[in-house]
Amino acid sequence: MKKVFITLAVILITIVLCICHLFVFDYRVLLKNDTERVESYLKAVKVGEEFDLSQVCTSCDSVFLVEPYDATFFDRNSHLKLMPFIKRSILSGTWDDGRYQMLFVKGNKVVSFADIAGGYPFREYNNQGLKFPVNAKLYFDEKRGILLK
């Protein structure tokens, strides 16, 4: 009887973990989330004022933007070191027209991310996404779109 109970308990726990894995758990929690820092920093910047993102993430050297619905981002940027389930989680965060993911990278390793609302669109998007150094000079245009200088 004890063996049956233990077996059923293990099966039940396995099923619950599988459900959590498939539907509940957002693996971006395994990365440092800089969303609040980035958004509060961007809110403080005035239109036309030059800024960079080095103050937000000091431990990175470049920034990658993952556009909404960009399912091929990690195929094009296969050099980025990140676990596959975290890649899927990041891409699932872009299934909304108004959001994109900002990935902070040191070397080829993603060290943190920010889930940015569409209130700060980057105007220089292309179909390949956007990559720039963390200390690149940026500024807001009159519609609060972000441009590279």
Side-chain angles (χ1 to χ4, degrees), residues 10-149:
V10 168
I11 290 171
L12 182 63
I13 290 170
T14 303
I15 290 171
V16 169
L17 290 175
C18 287
I19 290 171
C20 288
H21 173 74
L22 293 174
F23 300 110
V24 177
F25 195 66
D26 182 355
Y27 287 104
R28 288 175 294 173
V29 301
L30 300 175
L31 286 176
K32 183 178 178 206
N33 186 342
D34 281 327
T35 300
E36 287 183 31
R37 290 182 65 194
V38 171
E39 286 185 341
S40 66
Y41 178 71
L42 293 177
K43 284 178 186 174
V45 176
K46 295 178 175 70
V47 171
E49 183 179 317
E50 191 175 279
F51 67 97
D52 64 46
L53 295 173
S54 63
Q55 297 173 17
V56 177
C57 184
T58 57
S59 63
C60 72
D61 52 32
S62 58
V63 179
F64 285 79
L65 296 175
V66 185
E67 299 173 301
Y69 304 109
D70 188 356
T72 62
F73 174 83
F74 287 109
D75 294 336
R76 291 190 317 273
N77 296 288
S78 58
H79 63 284
L80 294 178
K81 295 179 183 169
L82 202 56
M83 296 175 148
F85 54 85
I86 297 177
K87 289 179 184 179
R88 286 191 300 273
S89 183
I90 287 170
L91 291 177
S92 72
T94 63
W95 294 345
D96 180 355
D97 285 332
R99 304 194 81 70
Y100 59 90
Q101 304 292 314
M102 186 179 288
L103 304 180
F104 296 98
V105 178
K106 174 81 172 177
N108 288 329
K109 183 180 179 196
V110 178
V111 294
S112 69
F113 79 98
D115 183 21
I116 303 299
Y120 304 109
F122 276 77
R123 300 282 189 225
E124 296 173 359
Y125 269 159
N126 56 35
N127 291 334
Q128 302 302 310
L130 184 61
K131 174 193 175 195
F132 55 91
V134 71
N135 59 355
K137 299 305 174 199
L138 307 167
Y139 69 98
F140 281 116
D141 65 9
E142 60 281 348
K143 295 181 182 177
R144 295 291 287 175
I146 299 173
L147 294 163
L148 285 165
K149 272 207 171 180

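Residue numbers start at 1 and run along the sequence shown.
- Annotation: side chain of Lys81 is not in contact with side chain of Val105 (no heavy-atom distance under 4.5 Å).
- Shortest non-hydrogen contact noted between Gln55 and Tyr41 is OE1-CE1, 3.3 Å.
- The shortest distance between side-chain heavy atoms of Thr14 and Ile11 does not fall below 4.5 Å.
- Lys109 NZ to His79 NE2: the interatomic distance, rounded to the nearest 0.5 Å, is 15.0 Å.
- Looking at Ser62 and Pro133, their side chains never come closer than 4.5 Å, going by heavy atoms from C-beta outward.
- If you take OG on Ser112 and NZ on Lys106, they are separated by 12.0 Å, rounding to the nearest 0.5 Å.
- Listed here is the closest heavy atom pair of Phe64 and Lys131: CZ-CD, 3.3 Å.
- Checking side-chain atoms of Thr35 against main-chain N and O of Asp115 turns up a donor-acceptor pair under 3.5 Å.
- A heavy-atom distance below 4.5 Å is not found between the side chains of Gln101 and Ile116.
- Under the side chain to side chain donor-acceptor pair (under 3.5 Å) criterion, Asp52 pairs with Ser54, Lys137, not counting sequence neighbours.
- To the nearest 0.5 Å, atoms CG (Leu138) and CG (Leu42) are separated by 9.0 Å.
- Aromatic rings of Phe140 and Phe51 (six-membered ring for Trp) have centroids within the 6.0 Å cut-off, being under it.
- Heavy-atom neighbours of Glu50 CD from other residues, nucleotides or ligands within 6.0 Å: above the threshold of 12.
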Could you go through the side-chain contact (heavy atoms from CB on, under 4.5 Å) check for Val111 and Cys60 one step at a time? CA-CA 7 Å; Val111 294; Cys60 72; 4.0 Å; yes
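- No side-chain heavy atom of Val47 sits under 4.5 Å from any side-chain heavy atom of Asp141.
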May I have the step-by-step check of side-chain contact (heavy atoms from CB on, under 4.5 Å) for Phe132 and Leu65, ending in yes or no? CA-CA 9 Å; Phe132 55 91; Leu65 296 175; 4.2 Å; yes
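- Closest approach of Phe104 and Ala114 over heavy atoms only: CE1-CB, 4.2 Å.
- Contact of the Phe113 side chain with the Val38 side chain is not registered, since no non-hydrogen atoms from C-beta on lie closer than 4.5 Å.
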